[in-house]
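Worksheet: the structure to be examined is printed underneath.
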Amino acid sequence: MKQGILPEYDYDVVIIGGGPAGYTAGIYAARAALKTLLIEGEGTVSQITITDIIENYPGIPEGIGGFELMQLFKKQALKFGLEILPKDVNGIKKSSSAQVVWEVTTGGKVFKTLSIIAATGAMWRNLDVPGESEFVGRGVSYCATCDGPFYRNRDVIVVGGGDTAIQEALFLTHFAKKVIVVHRRDRLRAAGMLQERAFAEKKIEFVWNSTVSEITGADFVTGVKVKNVQTGGLSEISADGIFIFVGRLPYTEIFKGLVEMDKTGFIITDENMRTNAAGLFAAGDCRAKLFRQVVTAAGDGANAVHSAELYIDEVKGRTY
Ligand code: NAP
């Protein structure tokens with residue numbers, strides 16, 4: 001490396017993840033004329049693309065399907081010339097020859113970049129009870145949009161009390177005869193408006209203060225065993241399907257050891273999406289924060305690019 005010359009690199013920014021945070025970052029970075037590559041997983045399904053309807057994304061008063069919204073994000077990013085690569089990232093490290101350069105590996109190919117935006121999102125959390133893994137695809141589901149239509153005129157159980165559980169319980173009433181929400185407390189975590197709708201929906205019943213201890217069945221699910229957490233009493237509920245919506249876990253395995261995370265593995269950032277690793281930013285559901293929405297993910301993506309831009313300017317102005 002010659003004195004005064006920035007080490008070789010391919011991109012100003014590599015964005016990892018193809019959800020709302022990643023694509024918003026892609027739109028902002030490409031529009032800012034940063035040399036940008038967005039790498040989105042080959043097989044991974046973004047949570048938003050399996051979300052039936054998004055009613056609270058500003059500017060779309062009639063609501064929009066999750067898949068449809070992502071197609072619009074992508075169209076907008078492509079308009080600004082974003083380069084997109086559908087590959088899984090296998091490794092990330094700092095270049096051994098130049099500390100300001102990160103190396104991102106996908107299928108043997110190495111991309112050198114001055115900055116990375118982690119926008120890898122999160123995945124559904126398992127309940128971790130007997131019967132859960134055995135009956136996946138045979139009555140256990142994590143996606144009402146995908147599997148709801150299989151339960152026409154059947155009884156289903158929804159586990160959880162957050163926005164996802166209640167929104168999906170409402171969606172399942174389009175098909176199911178009865179939707180039984182099993183929640184571990186005596187009140188819901190979900191937003192007030194969702195709660196009002198669920199309480200007004202005749203097809204939805206609630207089993208409060210209860211946890212599922214086992215999912216039972218033979219070839220297919222036939223029901224669950226539940227425990228009342230206050231009395232310790234055990235009971236059984238018959239159902240043809242069980243939909244589990246008990247929160248999320250981050251997709252951050254590839255960043256382990258590179259960056260500070262909380263105990264669940266969410267990446268810790270400051271309010272400007274900067275992590276404790278110089279040149280590595282995080283946005284959207286993969287970062288530690290309170291509120292995970294499409295609109296907050298999009299905001300994170302825009303902020304991450306702004307911080308990356310400031311960082312890149314500073315790096316390019318340094319003497320090497
Ligand atoms: P969440 O808000 O973390 O809620 C998880 C729910 O599962 C909680 O009710 C929790 O109970 C329960 N739970 C967790 N672990 C459990 C266990 N082991 N056994 C039984 N129950 C368990 O997750 P989420 O509903 O997926 O939402 C995640 C984020 O996405 C939130 O920020 C949410 O606002 C957002 N979101 C928004 C919308 C929307 O605006 N329309 C839709 C979907 C999601 P406790 O309540 O007792 O903790």
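Numbering of ligands and ligand atoms starts at 1, following listing order.
From the protein, the heavy atom lying nearest to atom 3 (O) of ligand 1 is Gly247 CA, 3.9 Å. The protein atom (non-hydrogen) at minimum distance from atom 32 (O) of ligand 1 is Arg292 N, 3.0 Å. Looking only at heavy atoms of the protein, atom 41 (N) of ligand 1 is closest to Gln167 OE1, 2.7 Å. Scanning the protein for heavy atoms near atom 28 (C) of ligand 1, the closest one is Arg248 NE, 3.5 Å. Here the heavy atom of the protein found nearest to atom 24 (P) of ligand 1 is Thr164 OG1, 3.2 Å. Of the protein's non-hydrogen atoms, the one nearest atom 7 (O) of ligand 1 is Val246 CA, 3.2 Å. Of all protein heavy atoms, the one closest to atom 34 (O) of ligand 1 is Asp163 OD2, 2.6 Å.
For Phe243 and Tyr151, the distance between ring centers is under 6.0 angstrom. In this structure, the ring of Phe199 has its center less than 6.0 angstrom from the ring center of Phe206.
Note: an N/O pair closer than 3.5 Å links Arg185 and ligand 1 by distance alone. Taking distance alone, with nitrogen or oxygen atoms compared against 3.5 Å, Arg189 approaches ligand 1 more closely than that limit. Checked by distance only, ligand 1 and Gly161 come closer than 3.5 Å through their nitrogen or oxygen atoms.
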- Derivation and outcome, side-chain hydrogen bond (donor to acceptor under 3.5 Å, both in side chains), residues Lys289 and Thr296: CA-CA 10 Å; Lys289 61 177 183 175; Thr296 61; 3.3 Å; yes

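When non-hydrogen atoms are compared, ligand 1 lies under 4.0 Å from the side chain of Leu127 (C-beta onward) but not from its backbone. At a heavy-atom cutoff of 4.0 Å, ligand 1 is contacted by the side chain of Gln293 but not by its backbone. In Thr211, neither the side chain nor the backbone holds a heavy atom less than 4.0 Å from any atom of ligand 1.
Between Asp12 and Lys316 there is a salt bridge, since at least one side-chain N of the basic residue sits less than 4.0 Å from a carboxylate O of the acidic one. At a threshold of 4.0 Å, the pair Glu68-Lys74 does not count as salt-bridged, since none of the basic side-chain nitrogens sits closer than that to a carboxylate oxygen. Between Asp219 and Arg138, no side-chain nitrogen of the basic residue sits less than 4.0 Å from a carboxylate oxygen of the acidic one, so the salt-bridge criterion is not met.
With no hydrogens or angles considered, no side-chain donor-acceptor pair links Thr211 and Arg184 at under 3.5 Å. With hydrogens and angles left out, the side-chain atoms of Glu40 and Tyr23 include a donor and acceptor closer than 3.5 Å. A donor-acceptor contact closer than 3.5 angstrom links the side chains of Tyr11 and Glu83.
Close contacts of ligand 1 with Asn56, meaning ligand atoms under 4.0 Å from a residue heavy atom, involve 39 (C), 40 (O), 41 (N).
The closest approach between Glu55 and ligand 1 stays at or above 4.0 Å for every heavy atom of the residue.
Of the options Glu168, Lys289, Arg184, the smallest heavy-atom separation from atom 17 (C) of ligand 1 is shown by Arg184.
Between Tyr57 and Phe73, the two ring planes are tilted [angle within 30° to 60°].
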